[in-house]
Student: 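First the structure, which I've put down as structure tokens, then a few questions once you've had a look.
Here is the naming used below: chain letters follow the sequence lines, and residue numbers restart at 1 for every chain.
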There are 2 protein chains.
Amino acid sequence: MNIVTDPFTIQANYFKALAHPARLQILAILRQGEACVCHLEAILQRRQAYISQQLMVLKEAGLLAERKEGLFVFYSLADPRLGIILDSSLPDVPLPAAPMNGCACPTCVRDG
Amino acid sequence: MNIVTDPFTIQANYFKALAHPARLQILAILRQGEACVCHLEAILQRRQAYISQQLMVLKEAGLLAERKEGLFVFYSLADPRLGIILDSSLPDVPLPAAPMNGCACPTCVRDG
DNA sequence: TCACTATATTCATAACTCTGAATATAATGT
DNA sequence: ACATTATATTCAGAGTTATGAATATAGTGA
């Protein structure tokens, strides 16, 4: 595993991180504000390990910031510029944020 | 092979087309203006079949426009918005357009 | 310390994508 | 019609990525 210096390869790796429906859905959710893993788990209806795996891919690509609060880890977008890319990449199709049900994280419990 | 309607999957397919160094290099060249296959072949130093394959991927993703002129097919960017995405995705690294040598297409012959 | 909960990692296999070689098509001139 | 040139397509094997199951870690409270 060599260090990549070719700018086209670096850029390609960046897009690779974006080239996955579940990861794009996660990013769409995070654009609305930070969220913990359990939150994403409830929205995406996928098992926790799966969510964590996708978060790791996004994190390694440098797309996410994280904040710990007790047991919870809250993820958010590292760079708002990402919003420009996400908007520009799908001119005509709106990206609905899927509805939530049943998350026990502090935010959800407080907000009902 | 079903028709995809999920917006996240559509968007992911879009990024998949971008997630490849050779294709990004092609796009970087096309941002400077249309180019024929032989032109790209000379710049990328890859075999013609390879260039055509990558062009087909970009075309299927809806990124390219084409124009026929005799035996030559000139490709160009379908949507200038793509420039925004390409610029935003690599804030700090300049993308050099590789130097050319030896292309026999009408444009190159005319311009010397 | 122990039990509990939220999140992370590892691993094996399935699924997919890339690549190169060969070949096909399509436009042009003779 | 034939030859030539520019571009497109097909296909198989190599290589990469995704997925689910199992397990590990880390923070919290008793």
Student: Is any side-chain N of the basic residue among Glu41(B) and Arg47(B) closer than 4.0 Å to the acidic one's carboxylate O?
Tutor: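 Looking at Arg47(B) together with Glu41(B), the answer is no, because their closest N to O distance does not fall below 4.0 Å.
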Student: May I have the distance from Leu55(B) (atom CG) to dA6(D) (atom P), rounded to whole angstrom?
Tutor: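 Value for this atom pair: 16 Å.
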Student: Would you say the side chain of Gln53(B) and the base of dA8(D) hold a donor-acceptor pair, judged only by whether the two atoms sit under 3.5 Å apart?
Tutor: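 Side chain to base: no pair present.
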Student: Could you tell me how far apart Leu71(B) (CG) and dA3(D) (P) are, to the nearest whole angstrom?
Tutor: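 Rounded to whole Å, this separation is 17 Å.
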Student: Given atom CZ of Arg67(A) and atom C1' of dA26(D), what is their separation to the nearest angstrom?
Tutor: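 Taking atom C1' of dA26(D) as the reference, CZ of Arg67(A) is at 17 Å.
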Student: Over all strands shown, is Glu41(A) touching base, sugar-phosphate only, or nothing at heavy-atom distances under 4.0 angstrom?
Tutor: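 Nothing, no nucleic acid heavy atom in range.
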Student: Check the phosphate of dT19(C) against His20(B), side-chain N and O only, distance under 4.0 Å to OP1 or OP2. Yes or no?
Tutor: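 For dT19(C), OP1 or OP2 has a side-chain N or O of His20(B) closer than 4.0 Å.
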Student: Taking for each residue the nucleotide of DNA chain D bearing the nearest heavy atom, is the 5' side occupied by Ser52(B) or by Lys16(A)?
Tutor: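 Going by which nucleotide is closer to the 5' end, it is Ser52(B).
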Student: Would you say the side chain of Leu55(A) lies within less than 4.5 Å of the side chain of Leu40(A), judging by non-hydrogen atoms?
Tutor: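 Result yes, sub-4.5 Å side-chain heavy-atom pair found.
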Student: Which whole-number value in Å describes the distance from Glu60(A) CD to dT17(D) C1'?
Tutor: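 After rounding, the reported distance stands at 13 Å.
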Student: Is the distance from OP1 or OP2 of dT19(C) to the nearest side-chain N or O of Arg46(B) less than 4.0 Å?
Tutor: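 Negative; the distance criterion is not met.
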Student: Mind checking side-chain contact (heavy atoms from CB on, under 4.5 Å) for Val73(B) and listing every partner two or more places apart, or none if nothing turns up?
Tutor: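 side-chain contact (heavy atoms from CB on, under 4.5 Å) list for Val73(B), sorted by chain: Glu66(B), Lys68(B), Tyr75(B).
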Student: Hey, does the side chain of Tyr75(A) come within less than 4.0 Å of dA6(C)'s phosphate (OP1/OP2), counting only N and O?
Tutor: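 Negative; the distance criterion is not met.
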Student: Considering non-hydrogen atoms only, spot the tightest contact between Gln54(B) and Ile26(B) and give its length.
Tutor: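 Distance-wise, the nearest heavy atoms are CB-CD1, 4.0 Å.
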Student: Please tell me if Gln54(A) has a side-chain N or O lying less than 4.0 Å from either OP1 or OP2 of dT19(D).
Tutor: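 So the side-chain polar atoms of Gln54(A) do come within 4.0 Å of the phosphate oxygens OP1 or OP2 of dT19(D), strictly under.
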Student: Just how far, in rounded Å, is C1' of dG20(D) from CG of Leu44(A)?
Tutor: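 Taking CG of Leu44(A) and C1' of dG20(D), I get 16 Å after rounding.
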Student: Can you check the Leu40(B) CG to dT7(D) P distance for me, whole Å?
Tutor: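 Checked: the CG to P distance equals 9 Å.
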Student: For dT19(C) and Tyr50(B) - does any side-chain N or O of the residue sit under 4.0 Å from the phosphate oxygens OP1/OP2?
Tutor: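 The answer is yes; a side-chain N or O of Tyr50(B) sits under 4.0 Å from OP1 or OP2.
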Student: Please confirm whether Arg46(A) makes a cation-pi placement over Tyr50(A), using NZ or CZ under 6.0 Å from the six-membered ring centre and within 45° of the ring normal.
Tutor: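 Arg46(A) over Tyr50(A) ring: yes.
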Student: Ignoring backbone atoms, establish whether Arg47(B) has a side-chain N or O less than 4.0 Å from OP1 or OP2 of dT19(C).
Tutor: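 Checking dT19(C) against Arg47(B), no side-chain N or O comes under 4.0 Å of OP1 or OP2.
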Student: Give a yes or no on whether a donor-acceptor pair under 3.5 Å exists between the nucleobase atoms of dG27(D), that is its base, and the side chain of Glu69(A).
Tutor: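 It does not, because no donor-acceptor pair links the side chain of Glu69(A) to the base of dG27(D) below 3.5 Å.
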Student: What is the separation between atom CD on Glu66(A) and atom C1' on dA6(C), rounded to the nearest whole Å?
Tutor: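 Glu66(A) atom CD is separated from dA6(C) atom C1' by 13 Å.
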Student: With no angle test and no hydrogens, is the base of dA8(C) tied to the side chain of Gln48(A) by a donor-acceptor pair under 3.5 Å?
Tutor: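 Side chain to base: pair present.
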Student: Could you tell me how far apart Leu24(B) (CG) and dC18(C) (P) are, to the nearest whole angstrom?
Tutor: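 Computing the Leu24(B):CG to dC18(C):P distance gives 12 Å.
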